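Report on the structure given below.
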Amino acid sequence: MEPLNNPIEVGMRTLVLLSASFPRPLDVPQIAHLDDAMLHSGDMGGPPSLHPTLPAGPGELAMKRRLIKQGLIVLLRADLAEVEATEQGLVYHASEEGGAFVDLLETPYVVTLRNRATWIVTAHDAARPNVREATRAITDRWAHAFNSPLTDPGTNHE
């Protein structure tokens, strides 16, 4: 098992987000966007970031969705989260046990995660960004930060 960004770690971050957004459910694209914003909050005009911005950032978002889905399976099996089918697709929310579990965690990292999750969920509710536009903004931010060719799609890179 990978020591970082494994399904259990990403599942715990997801549970923190689902608890902060309760009772409003979230879908996988929303969770991916909010997880990125929670970890890189300083880049979003919020509190200092929990994780550094790395050159592999754009690849992180693609892997994040897969890991979030795996983390959700862990949460569902442990009865810490629940899934609901809606007309828009599957949405997830923290179960009663999930919220209580998050409240029991007292490590400095989890306390900071909870604070960032509350901040981003509140900001997200106020702004109601389109998830596709928000994801594009994340990719643009990474491309700009690392002078990536992604910033100029018309350039021929051989």
Side-chain angles (χ1 to χ4, degrees), residues 1-76 78 80-84 89-146:
M1 180 180 283
E2 295 291 323
L4 299 173
N5 279 324
N6 62 58
I8 294 174
E9 178 191 353
V10 175
M12 288 308 303
R13 290 197 321 250
T14 299
L15 183 58
V16 168
L17 282 168
L18 294 174
S19 296
S21 72
F22 190 84
R24 192 184 97 217
L26 300 171
D27 62 17
V28 171
Q30 289 170 320
I31 294 168
H33 167 67
L34 293 174
D35 183 65
D36 182 77
M38 179 173 63
L39 298 178
H40 303 287
S41 52
D43 298 340
M44 308 268 186
S49 296
L50 288 171
H51 292 188
T53 302
L54 301 172
E60 178 184 359
L61 193 58
M63 287 185 57
K64 188 178 298 261
R65 287 178 188 242
R66 179 180 56 83
L67 289 168
I68 287 169
K69 289 176 183 178
Q70 292 172 349
L72 283 165
I73 291 169
V74 171
L75 296 176
L76 292 168
L80 297 174
E82 297 172 349
V83 62
E84 179 183 347
L90 297 177
V91 294
Y92 303 86
H93 56 88
S95 68
E96 197 171 309
E97 294 83 4
F101 181 76
V102 169
D103 290 342
L104 290 174
L105 302 174
E106 297 178 354
T107 65
Y109 183 75
V110 174
V111 170
T112 304
L113 268 181
R114 286 196 315 242
N115 292 337
R116 296 302 186 283
T118 300
W119 168 78
I120 193 57
V121 166
T122 302
H124 184 266
D125 278 347
R128 288 284 181 184
N130 176 302
V131 175
R132 283 183 190 255
E133 291 173 13
T135 302
R136 176 65 184 194
I138 292 167
T139 305
D140 289 348
R141 184 183 76 238
W142 286 328
H144 179 73
F146 295 102

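The structure presented is a predicted model; accordingly, all values stated were derived computationally and were not measured.
Atom CD1 of Ile120 sits about 5.5 Å away from atom NE2 of His33, to the nearest 0.5 Å. Between the CG atom in Leu113 and the CG atom in Leu39 there is a gap of 7.0 Å [rounded to 0.5 Å]. In this structure, CE on Met38 lies 11.5 Å from CG on Asn115, to the nearest 0.5 angstrom. Atom CD1 of residue Ile31 and atom CG of residue Asp36 lie 13.5 Å apart, to the nearest 0.5 angstrom. To the nearest 0.5 angstrom, Leu90 atom CG is 13.0 Å from Leu26 atom CG. Distance CD/Glu82 to CG/Leu72: 12.5 Å, rounded to 0.5 Å.
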Hey, can you pull the donor-acceptor pairs under 3.5 Å for the side chains in residues 99-111, sequence neighbours left out?
{"unit_1": "Thr107", "atom_1": "OG1", "unit_2": "Val110", "atom_2": "N", "d": "3.3"}
{"unit_1": "Tyr109", "atom_1": "OH", "unit_2": "His51", "atom_2": "NE2", "d": "2.8"}

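For the side-chain contact (heavy atoms from CB on, under 4.5 Å) test, residues two or more places apart in sequence or in another chain that qualify with Ala94 are Leu15, Leu18, Ser19.
The shortest non-hydrogen separation linking Pro48 to Arg116 is O-NH2, 2.8 Å. The shortest heavy-atom contact between Arg65 and Pro29 is NH1-CG, 3.6 Å. Considering all non-hydrogen atoms of both residues, Ala117 and Val16 come closest at CB-CG1, 3.7 Å. What you find for Trp119 and Gly46 is that their closest heavy atoms are CZ2-CA, 3.2 Å. Taking both residues in full, the closest heavy atoms of Thr118 and Ala20 are given as N-CB, 4.1 Å, listed atom of the first, atom of the second, then distance.
For the pair Val10 and Gln70, the minimum side-chain heavy-atom distance is 4.5 Å or more.
Within 6.0 Å of CD in Glu96 there are 12 or fewer heavy atoms belonging to other residues, nucleotides or ligands.
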